[in-house]
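For reference, the structure is listed below as structure tokens.
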Amino acid sequence: MSLNKSILENSTLTWFGELDYAIGYGPHIVPGELEAERNSFGAMVCLCAAIQWLNSAMPEEGRATIKRCLMVHFEVRPA
């Protein structure tokens, strides 16, 4: 079995659900939507800083890949 985004995402959502986290569909909770959980995408800046800090031993190319994947997944457009 190959691992793809869908399998990883569904497994992660199941795991967090079992830990009693509330699960929401990304496009429904983005700024501007009725179920928005934040007022802007500024939290993405904090997340990118956390990636840098938590993965300081990782090559920059790897951190950049993580950031690009997050931006695509959350449909964030570069400023």
Flag yes if more than 12 heavy atoms outside E61 fall under 6.0 Å of its CD atom; otherwise flag no. no
Just to verify, what does T65 make a side-chain hydrogen bond (donor to acceptor under 3.5 Å, both in side chains) with, not counting sequence neighbours? R68
Apply side-chain contact (heavy atoms from CB on, under 4.5 Å) to T14 and list each qualifying residue two or more places apart in sequence or on a separate chain. E18
Residue set satisfying side-chain contact (heavy atoms from CB on, under 4.5 Å) with L34, at least two apart, ordered chain then number -> none
If you compare all heavy atoms of E33 against all heavy atoms of H28, which two are closest, and at what distance to 0.1 Å? CB-O, 3.4 Å
About how many Å separate CD1 of I23 and OG1 of T12, when rounded to the nearest 0.5 Å? 9.5 Å
